[in-house]
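Since the structure comes first, as structure tokens, the remarks are kept for the end.
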Amino acid sequence: MGYYDAARASLVSPELGGLTFRATYWFSKAIDLGSGYTNTAYDADSRLSRSQDEFNQFDDMKGRSDFDQPHAFLWTASYRTPSAGAGRGAIRKLAADWELSAVTLFKSGTPFTVDAGSDAPGFGNVDGNGGDRPNLLDPSVLGRTIGHPDESQALLPRSAFAYMTLDQTRGSLGRNTFRKGGIHNVNAALARTFPVGADDRLTLRAEAINLSNTPQFAEPGYSLTNPNFGQITNTLNDGRTFRFGLSYLF
């Protein structure tokens with residue numbers, strides 16, 4: 001069972017001296033009971049969507065969807081340099097008819113869950129259920145975005161949580177109560193098509209992926225039993241890359 005609500009606003013420009021752009025903002029909320037679209041009807045579905053115990057499953061599992069990203073802003077733009085008229089100088093002809101395009105995306109990070117990794121201190125995961133969560137000791141940490149390695153352990157301290165005791169059937173911490181860092185990405189391209197003879201065309205294109213070389217960090221270690229709890233040790237994207245292409249149309 002899932003719930004999704006969203007609103008979108010867009011601004012589309014007319015062509016202004018060779019420049020066009022489109023800006024779009026989304027605000028959304030996605031909530032479900034733990035069984036995401038990636039595992040529905042798959043043999044792991046019952047394990048991934050299992051509550052901590054057999055009672056009050058809705059209360060235990062209802063939370064943000066794994067793909068919930070409430071804020072998203074997308075900006076696309078394209079600019080074409082003026083064509084070179086007859087009698088123009090060599091520099092103006094060289095700068096003419098280039099098309100510069102860019103795509104910029106800002107988006108909230110997706111949620112993640114802190115799990116206990118153990119049914120009780122020193123007992124390990126006896127029941128084999130990977131969905132056990134710890135008890136929450138410090139409510140002030142709830143809802144935090146854990147997005148940078150230099151701050152992750154301070155924002156997600158181990159001292160804010162405690163293992164379940166032997167008389168407890170579930171921990172008090174909710175599902176998907178924290179977020180990874182957001183997405184901040186800029187891609188750009190520069191291209192020009194040169195006429196060759198009467199009908200043939202030669203196109204030169206250069207592309208930059210992640211132009212600002214901004215890392216998107218993965219979630220921190222989220223299992224209390226692991227030594228790397230609270231530490232961010234990986235990224236989800238690649239660094240800045242360039243691609244060059246040459247095509248001939250005949």
Side-chain angles (χ1 to χ4, degrees), residues 6-28 30 38 65-86 88-112 145-152 179-197 199-220 232-250:
R8 184 184 70 180
S10 296
L11 175 64
V12 182
S13 77
E15 182 176 346
L16 303 170
L19 173 67
T20 59
F21 71 87
R22 181 187 184 99
T24 305
Y25 168 75
W26 290 264
F27 175 74
S28 64
T38 57
S65 302
D66 291 343
F67 54 89
D68 177 58
Q69 294 176 283
H71 302 284
F73 176 78
L74 179 68
W75 182 79
T76 61
S78 177
Y79 174 71
R80 188 177 185 88
T81 60
S83 298
R88 297 279 184 168
I91 295 179
R92 290 196 174 184
K93 288 183 178 180
L94 184 63
D97 296 317
W98 287 93
E99 183 172 357
L100 174 64
S101 57
V103 178
T104 302
L105 176 66
F106 298 95
K107 204 170 187 180
S108 304
T110 52
F112 70 92
T145 295
I146 318 298
H148 197 282
D150 295 341
E151 304 172 343
S152 60
R179 287 191 185 277
K180 294 180 289 189
I183 298 172
H184 307 90
N185 189 65
V186 179
N187 296 339
L190 180 65
R192 182 178 176 181
T193 298
F194 300 88
V196 180
D199 301 315
D200 298 354
R201 297 290 185 271
L202 179 69
T203 299
L204 173 66
R205 183 176 179 85
E207 298 178 344
I209 310 300
N210 189 10
L211 179 63
S212 60
N213 201 33
T214 303
Q216 180 191 350
F217 291 107
E219 72 277 359
I232 296 178
T233 59
N234 199 8
T235 58
L236 299 175
N237 64 344
D238 295 324
R240 182 192 300 118
T241 57
F242 294 98
R243 298 189 299 197
F244 300 92
L246 187 66
S247 61
Y248 188 79
L249 179 65
F250 60 92

Residues 13-23, side-chain donor-acceptor partners within the protein, below 3.5 Å, at least two apart:
residue, atom, partner, partner atom, Å
S13, OG, F21, N, 2.9
S13, OG, F21, O, 3.3

Got a list of side-chain donor-acceptor pairs under 3.5 Å for residues 183-191, not counting sequence neighbours?
residue, atom, partner, partner atom, Å
N185, ND2, N187, OD1, 3.1
N187, OD1, N210, N, 2.9

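With sequence neighbours left out, F73 forms a ring-ring contact (aromatic ring centres under 6.0 Å, His included) with no residue at all. Residues satisfying the side chain to side chain donor-acceptor pair (under 3.5 Å) criterion with E151, sequence neighbours excluded, are absent altogether. Judged as a side chain to side chain donor-acceptor pair (under 3.5 Å), and not counting sequence neighbours, the contacts of S65 are D32. T203 meets the side chain to side chain donor-acceptor pair (under 3.5 Å) test with T193; sequence neighbours excluded.
Open room surrounds CG on D199; 12 or fewer heavy atoms of other groups in view lie less than 6.0 Å from it. Applying the 6.0 Å contact sphere to CZ of F194 captures more than 12 heavy atoms from other residues, nucleotides or ligands.
With T145 contributing its side chain and K180 its backbone, the two residues share no donor-acceptor pair below 3.5 Å. Not one N or O on the side chain of R179 forms a donor-acceptor pair closer than 3.5 Å with the backbone of T110. Within the 3.5 Å criterion, the main-chain N or O of F250 finds no donor-acceptor partner in the side chain of D200. R192 places a side-chain N or O within donor-acceptor distance of the main-chain N or O of L94, the cut-off being under 3.5 Å.
W98 and A95 get closest at one heavy-atom pair: CD1-O, 3.3 Å. Considering all non-hydrogen atoms of both residues, I232 and A218 come closest at CG2-O, 3.6 Å.
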Requested in this report: Please lay out, stage by stage, how F217 and I146 fare under the test side-chain contact (heavy atoms from CB on, under 4.5 Å).
Outcome: CA-CA 9 Å; F217 291 107; I146 318 298; over 6 Å; no
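Between atom OG1 of residue T76 and atom CG of residue L105 there is a gap of 11.0 Å, rounded to the nearest 0.5 Å. Between atom CG of residue D97 and atom CZ of residue R80 there is a gap of 5.0 Å, rounded to the nearest 0.5 Å. Separation of atoms CZ (F27) and OG (S108) is listed at 9.0 Å; rounding is to 0.5 Å.
Side chain to side chain, S78 and S101 fail the donor-acceptor criterion of an N or O pair below 3.5 Å.
Counting only heavy atoms from C-beta outward, the side chains of W26 and L74 approach each other to under 4.5 Å.
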